[in-house]
Amino acid sequence: MFEQEQKRIEDQIRAYCAGAGLPEPKLQWSWIPFSGHWGISTSFFQLASQEAREKGLKVNVAERAQTIADGAAKVLGQPQGFERVEAVRGYLNLYFSTAEYTRRVLDAVLAEGDQFGRTPGKGERVMVEFSQPNTHKAFHVGHLRSAILGDVLARILEAAGYDVVRANYPGDIGLHVVKWLWNYMKFHTGEKPQQDITRWMGDLYLETSKRLEANADLEAEVRALYVRWDRRDPEVVALWEETRQWSLDGFKELYDLLDIRFDVYYFNSTVEQAGKQLVNDLIERGIASDERPDGAVVVKLDELLGLDKEKFRVLVVLRSDGTALYATEDLALAARKFSDYPDLTKSLYVVDVRQSLHFQQVFKTLEIAGFPWATRCQHIPYELVTLPGNMAMASREGTVVLLEDLVREATARALEIVRGKNPDLSVEKQQEIALAVALGAIRYSMISRENTKVVTFDWETALDFDGQAAPYIQYAYVRAGSILRKWGKELPASGLPAYDLTPAEVQLVELISRLPREIQTAANDYRPMVLSNLAYEMAKAFNDFYNQCPVLQAEPAVRDGRLRLVAAARQAIGNALGVLGVIAPTAM
RNA sequence: GUCCCUGUAGCUCAGUGGAUAGAGCGCCAGCCUCCGGAGCUGGAAGCGGCGGUUCGAGUCCGCCCAGGGACGCCA
């Protein structure tokens with residue numbers, strides 16, 4: 001937003017350095033770090049140090065940097081668009097004309113409306129694969145991180161101008177499914193889930209695990225059933241298809257609840273054959289070694305690459321009995337994606353960090369096999385959601401917190417508060433708000449930290465709506481809307497603020513102005529946290545402003561400026577929440 | 001054994017190589033005749049260790065310590 005001014009200043013400083021016989025400066029700008037001040041800053045330490053080296057001088061770098069900064073400040077004088085230039089402790093600080101820049105930022109936000117922060121199309125298509133749920137199992141809080149992280153990543157990439165394809169890869173076949181079918185056929189024939197489908201499926205899975213644990217002899221029956229599946233026994237296939245659909249229906253309900261959608265579903269069961277073919281091709285081309293019947297089919301990556309130290313190790317691509325592994329299917333899936341969408345510039349996999357090596361191996365194998373798109377595949381790892389005591393959530397152990405339970409508890413807690421604060425609202429409206437708050441809080445907890453950090457789930461934190469959490473941001477949004485509703489008229493026309501802005505106001509405007517840039521950063525680094533942090537900071541700055549600066553009671557000239565600021569803050573916070581997939585309510 | 005991730009306040013986390021390391025929770029003390037107290041103000045409290053690079057290191061490099069994870073037929 002300030003590129004032109006910055007460029008002009010840079011040219012002047014360069015000219016000054018050239019004239020003073022100094023080396024060419026690099027000029028890295030940063031924001032003035034003192035809150036309540038708004039402007040850009042650069043230091044001359046590097047330049048001073050470089051000069052000393054080149055000229056073989058022994059100087060005090062800090063002093064020399066200050067001298068250079070002084071000189072630059074003198075040359076710049078009072079540049080247009082800035083209200084103050086200072087050289088202090090080796091830094092050159094340029095303070096914006098806050099009135100002018102504030103007007104510029106607010107005008108941009110209000111003109112762009114819900115597009116503010118978003119970047120027009122880049123013409124690049126990216127696929128994000130996320131939320132790979134196993135059918136016939138429960139959907140618990142541990143599964144939530146991939147679903148939400150992937151969804152938010154997709155939203156951020158879209159906002160940053162990418163054309164995003166959202167892909168789901170359900171695990172719809174495998175031993176866990178056959179076990180479930182075995183239990184169903186033996187003990188539950190004819191039963192159908194009525195409501196809470198996913199819970200019902202999960203309960204049956206847990207029951208299955210317990211039965212098999214209690215009696216090891218039953219494994220033989222499961223194996224027999226697996227053989228029937230492998231032969232595509234019509235009865236088994238029909239039951240598999242029917243029960244799989246129950247799971248998918250259940251997942252659909254949960255995704256709808258979470259406002260998560262997919263453009264394409266790749267089912268695990270549909271890439272098995274293609275995977276085996278691909279492996280055969282690798283064997284023929286000498287990339288994979290067929291060690292059957294004594295061993296499996298493997299790709300000796302380090303050997304193929306001529307590496308001395310072990311790095312990629314060995315990837316098993318087919319079992320010794322010829323059946324497919326996860327790796328078999330992943331090879332085919334990657335190819336399928338680029339066959340369906342040849343123009344993908346990136347194929348992202350949002351999968352937990354434990355599979356880092358696996359994906360490195362798969363992608364490297366594809367690269368060796370000569371697929372030109374192999375280098376466009378990238379794993380986006382994230383850490384797990386665990387229970388206190390670093391206990392993993394495991395369906396077969398039953399040590400899980402179900403998504404349904406979390407949403408229900410959180411909504412109940414939120415509803416209590418909403419009722420107390422908004423007794424006049426209809427019950428439906430109260431419930432709607434409570435759900436928005438609950439879902440927002442859940443979402444935020446999954447994306448407000450580094451992807452590589454473990455989320456420890458505990459009920460107390462999950463149900464705490466105070467402080468650094470989505471409800472705090474939603475609350476700031478509601479308060480801003482409340483002021484505008486009370487005002488009830490058109491926004492005042494644009495103009496330079498006719499008063500000196502307080503530090504709180506400057507801080508708020510500055511944060512708002514960052515939104516477009518931070519969305520880009522979040523997209524480039526695949527780090528939603530960058531945006532969730534900004535959203536929180538904007539909300540915090542708004543609450544500061546709200547407490548310190550009366551709007552409607554202020555004298556008209558001040559009031560008009562602040563009304564535009566409130567409207568812009570509301571817009572920016574709302575847009576940020578939108579990109580995070582958090583509902584911005586009108587009351588709460 | 002090899003590789004990856006993590007280590008910042010009592011707890012949970014931020015912190016583009018740059019100025020005074022910031023939030024939340026919890027604790028203590030305050031703030032509703034004033035636009036919504038899911039809020040605000042103030043207070044106590046911190047970079048795992050040792051070296052190195054650099055004008056400058058929480059940040060980069062090396063080694064160590066601690067926790068977690070992955071390492072040929074689980075997904």
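Predicted, not measured: the structure shown is a model, and the values here were computed from it. In the text below, chain A, chain B and the rest are named by the order of the sequence lines, each starting its count at 1.
- Using a 4.0 Å heavy-atom criterion, one finds that A:R89 contacts the sugar-phosphate atoms exclusively.
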- Item | Dot-bracket line, read 5' to 3' along RNA chain B, where crossing pairs take [ ] and | marks a partner on another strand, Watson-Crick or G-U under 3.5 Å | (((((((..((((....[...)))).(((((.......)))))....(((((..]....))))))))))))....
Distance-only donor-acceptor hits, side chain of residues 138-149 of chain A, under 3.5 Å, sequence neighbours excluded:
from: A:H140; atom 1: ND1; to: A:G142; atom 2: N; distance (Å): 2.9
from: A:H143; atom 1: ND1; to: A:H140; atom 2: N; distance (Å): 3.0
from: A:R145; atom 1: NH1; to: A:E383; atom 2: O; distance (Å): 2.9
from: A:R145; atom 1: NH1; to: A:K453; atom 2: O; distance (Å): 2.7
from: A:R145; atom 1: NH2; to: A:E450; atom 2: O; distance (Å): 3.2
from: A:R145; atom 1: NH2; to: A:N451; atom 2: O; distance (Å): 3.3
from: A:R145; atom 1: NH2; to: A:K453; atom 2: O; distance (Å): 2.9
from: A:S146; atom 1: OG; to: A:S131; atom 2: N; distance (Å): 2.8
from: A:S146; atom 1: OG; to: A:V350; atom 2: O; distance (Å): 3.3

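- If you look at A:F363 and A:Y349, their ring centroids are closer than 6.0 Å.
- Across all strands shown, A:N390 has heavy atoms under 4.0 Å from sugar-phosphate atoms exclusively, and none from any base.
- Taking the C1' atom of each, B:G18 and B:A57 are spaced 10 Å apart, rounded to whole Å.
- The closest donor-acceptor contact from the side chain of A:W31 to the backbone of A:F34 lies at 3.5 Å or more, if one exists at all.
- Residue A:V566 is classed as having no contact, given no heavy-atom separation below 4.0 Å to the nucleic acid.
- Residue A:V297 is classed as having no contact, given no heavy-atom separation below 4.0 Å to the nucleic acid.
- Note on A:E291: a base of the nucleic acid sits closer than 4.0 angstrom, heavy atoms only.
- Nucleic acid contact for A:V353: none, since no nucleic acid atom lies under 4.0 Å from a heavy atom of the residue.
- Between A:E383 atom CD and B:G68 atom P there is a gap of 12 Å when expressed in whole angstrom units.
- If you check every strand for non-hydrogen atoms under 4.0 Å, A:Y326 touches a base.
- The residue A:V177 sits apart from the nucleic acid: no heavy atom pair falls under 4.0 Å.
- Looking at the side chain of A:L552, the nearest of the listed nucleotides B:C35, B:G72, B:A75 is B:C35.
- The glycosidic torsion of B:C27 lies more than 90° away from 0, placing the base in the anti range.
- Within residues 50-73 of chain A, the residues that have a heavy atom under 4.0 Å from RNA chain B are, in order of number, A:R53, A:V61.
- Considering A:V279, A:L331, A:V317, A:V316 as possible partners of A:L325, the one that fulfils the side-chain contact (heavy atoms from CB on, under 4.5 Å) test is A:V316.
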Give each protein N/O atom lying under 3.5 Å from an N/O atom of nucleotides 56-61 of chain B, with the pair distance.
none

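- On the C1' atoms, B:G49 is 39 Å away from B:U41, given to the nearest whole Å.
- Backbone-only contact: A:T452 has heavy atoms under 4.0 Å from sugar-phosphate atoms and none from a base.
- Stacking is found between A:Y91 and the pyrimidine-like six-membered ring of the B:A19 base under the 5.5 Å centre-distance and 30° plane-angle cut-offs.
- For A:V316, the side-chain atoms get nearest to B:C73 when compared with the rest of B:A19, B:G18, B:C73.
- Judged by the 6.0 Å and 45° rule, A:R449 forms no cation-pi pair with A:Y444.
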Within the sub-3.5 Å range, which N or O atoms of nucleotides 8-11 of chain B have a protein N or O partner, and how far apart are they?
none

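- In this structure, A:M588 reaches the bases: a heavy-atom distance under 4.0 Å links it to at least one base atom across the strands shown.
- Aromatic rings of A:F45 and A:Y91 (six-membered ring for Trp) have centroids within the 6.0 Å cut-off, being under it.
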Compile the donor-acceptor pairs under 3.5 Å between side chains in residues 550-560 of chain A and protein atoms, sequence neighbours left out, one pair per line.
none

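- Base contact: A:N93 has a heavy atom under 4.0 Å from a base atom.
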